[in-house]
Structure formats: structure tokens, C-alpha cells
Amino acid sequence: MGEQPTLTVEFSAKSGDEPAPGEPKFRATNVEAWFGDNRVLKGITMNIPTQRVTAIIGPSGCGKSTFIRCLNRLHETIPGARMAGEILLDGVEINGHDIDPVLLRRKVGMVFQKPNPFPSMSIKENVLAGLRLTRRLGKKDQGQIAETALRGAALWDEVKDRLDRPGGDLSGGQQQRLCIARSLAVEPDVLLMDEPCSALDPIATARIEDLLHDLKARYTIVIVTHNMQQAARVSDKTAFLLSGELVEFGATDGIFTSPRDRRTEDYITGKFG
Ligand SMILES: Nc1ncnc2c1ncn2[C@@H]1O[C@H](COP(=O)(O)OP(=O)(O)OP(=O)(O)O)[C@@H](O)[C@H]1O
Ligand SMILES: [Mg+2]
């Protein structure tokens, strides 16, 4: 008897049957999104590869943030906002009626533009904060989980002697890595990053870029950036959005050296945007 495909998927843990690196992690088909009557995504179709860095570029207001917020169903949390189309994660429709968005967001973590640690909470507690929402933590585990996440975010050496100090005492770049550690502690498969370096100086930015390089060995990363050089440096694939449409999507090298669409070329050479 043939097995019925099932939509009931435990989205919490690393599944083990993750697609091979380079194979699609997300398959987005004809994704549309609205704020009220305003249709801001007009049918986006793209596959996002597993354990690669995918950059989303395009002028302000073109729908970059909206698109990545559809990937973990944050878009629907805004009153009046909705989406249509299909988004498969590991082959499962994330908008399926039996999918718990909270579990989905554990698997698809997000790092925001402005570092947003809890400033008076300790560094260690900041790292554990996301995880605490999902389960009780044994005392013994806490130190180990915090250390692993801080090492993963390349922050451990800078904070290991002051884990009980407030998160707000860290520099902007350290705070952003603290937020990355907080996301990693939940053990997601995917990290969505919405302009994670825009509030950082060039040195802090370089550290995050180095970190991305290490993280993609384990995580699928989607990064929104206004910085063309950054997209070219860190990503394997690049998507160029314009007015809610996907103009071009392909290998980053190709997009930056020989874009196929005139509008992509104009944008990356700074003619508009
Ligand atoms: N909360 C909201 N309510 C209503 N409209 C919104 C909201 N957020 C975004 N929009 C609109 O949706 C469109 C896409 O916005 P989005 O934030 O996705 O753009 P973006 O590409 O991320 O821009 P930026 O580079 O400035 O961050 C814009 O026209 C914007 O005005
Ligand atoms: Mg945005």
C-alpha cells in the first residue's frame, strides 16, 4: 500500500531528512503578498538552496522584507496583511492548516536590522531567551547551550568571562552576534537576516560576513542587504526584486558580472535605487 504524503510535520527539531546541500530548502511558487488592498509581492517563484547563502537585493520598498517575512509566516502577524501562493519547506506547505507557526519559526529563525537584545538581561540569559519560550531548561544544560550558541556566533571568546553582565553593555556588533547566538540556541535550520549589518561599522560588518561563511556549513541563510559588495562577497545566489517582482535570480557571480536583465544591471551599477 502506498504511503500517503502527510502534512503533519514536526517543525521543531532538526529533521534529519534535510535536503542535500544545494538542493532546494524552500520552494516558493507564485508568492503574492498584500497589506490591505496594496499588493506588494506580485508572484515570486524561486527555490532557496539548502546550506547556502541567498541574498535578496533591490531598492527600498520593493518587498524584500515582506518576502522573507512570508518564509516564517511573520507577514501574517500584521493586521490586514495576507499572502497567497505556495511555500514548501522541506517539501511541506508552511501555510498548511495543521502547521503551527510557532514551531515553524523555531525552524526558520530571524535576525533583524537593529540588534535587539534585552539590554538589562545578562548575556547568558539573552542567549537562552528564545529557547526558554519553547521548553524548560535544566540548570546543567544552560551553560553548555549558551556556550555552543555563543561559539557558533563567534562571540564566545569576547564574552566568556562576563556572561552575567547585561547584554546592553556589548558593542553594536557584539549585540548583533548575541542576537545571532539567541537564534542559533533554538537550533533552527534556516536563518533569515534582514539587513543585519546596516547598523554596524565596517569591522563589525566584516565579522558578521566571516561568520556567515562558517554558518552556511550548517544553516540555510537568506540575507536582505542594500550593500552590493556585501551581497557579492557573502552569497551563493542572488535575487533582485523590483516593485514586488523577481526580476532576476541566479548564481551571485553571474548576477554581478553578467546580469541578463537591463534593470538588474542598472541597479547593481548604481543607476537607480
Ligand atoms: N506594516 C506595513 N503596512 C503597510 N504597508 C507596508 C508595511 N510594511 C511594508 N509595507 C509596504 O510594502 C511594500 C514593501 O515593503 P518592504 O518592507 O517589504 O520593502 P523592502 O524592500 O524591505 O524595503 P527597505 O529596503 O526599505 O527595507 C512597501 O510599499 C511598503 O510601503
Ligand atoms: Mg526591508
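Predicted, not measured: the structure shown is a model, and the values here were computed from it. Values below: all heavy atoms of this structure, side chains included; hydrogens, waters and symmetry mates excluded. Order of listing sets the numbers, starting from 1, for every ligand and every atom in it.
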For the side chain of [X] and the backbone of [Y], is there at least one donor-acceptor N/O pair under 3.5 Å apart?
{"X": "Glu125", "Y": "Ser122", "result": "no"}
{"X": "Gln142", "Y": "Leu128", "result": "no"}
{"X": "Asp236", "Y": "Val53", "result": "yes"}

Report yes if some heavy atom in the side chain of [X] is under 4.5 Å from a heavy atom in the side chain of [Y]; otherwise report no.
{"X": "Leu178", "Y": "Val159", "result": "no"}
{"X": "Arg233", "Y": "Thr225", "result": "no"}
{"X": "Arg105", "Y": "Arg73", "result": "yes"}

Q: Just grab all the ring-ring contact (aromatic ring centres under 6.0 Å, His included) pairs involving residues 34-63, residues at least two apart or on different chains.
A: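 Non-adjacent pairs meeting ring-ring contact (aromatic ring centres under 6.0 Å, His included): Phe35-His75.
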**Q.** Sub-4.0 Å heavy-atom environment of ligand 1, residues by chain
**A.**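 Contacts of ligand 1 under 4.0 Å: Phe35, Val40, Pro59, Ser60, Gly61, Cys62, Gly63, Lys64, Ser65, Thr66, Glu195, His226.
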Q) Considering the options Ile68, Val224, Ile221, which one meets the side-chain contact (heavy atoms from CB on, under 4.5 Å) requirement together with Leu192? A)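 The option that passes is Ile68.
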(Q) So, with waters excluded, how many protein N/O/S atoms does the Mg ion (ligand 2) have closer than 2.8 Å? (A)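 Excluding waters, the total comes to 1.
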Q: Not counting sequence neighbours, which residues clear side-chain hydrogen bond (donor to acceptor under 3.5 Å, both in side chains) with Arg263? List them please.
A: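 Expected list: Asp261.
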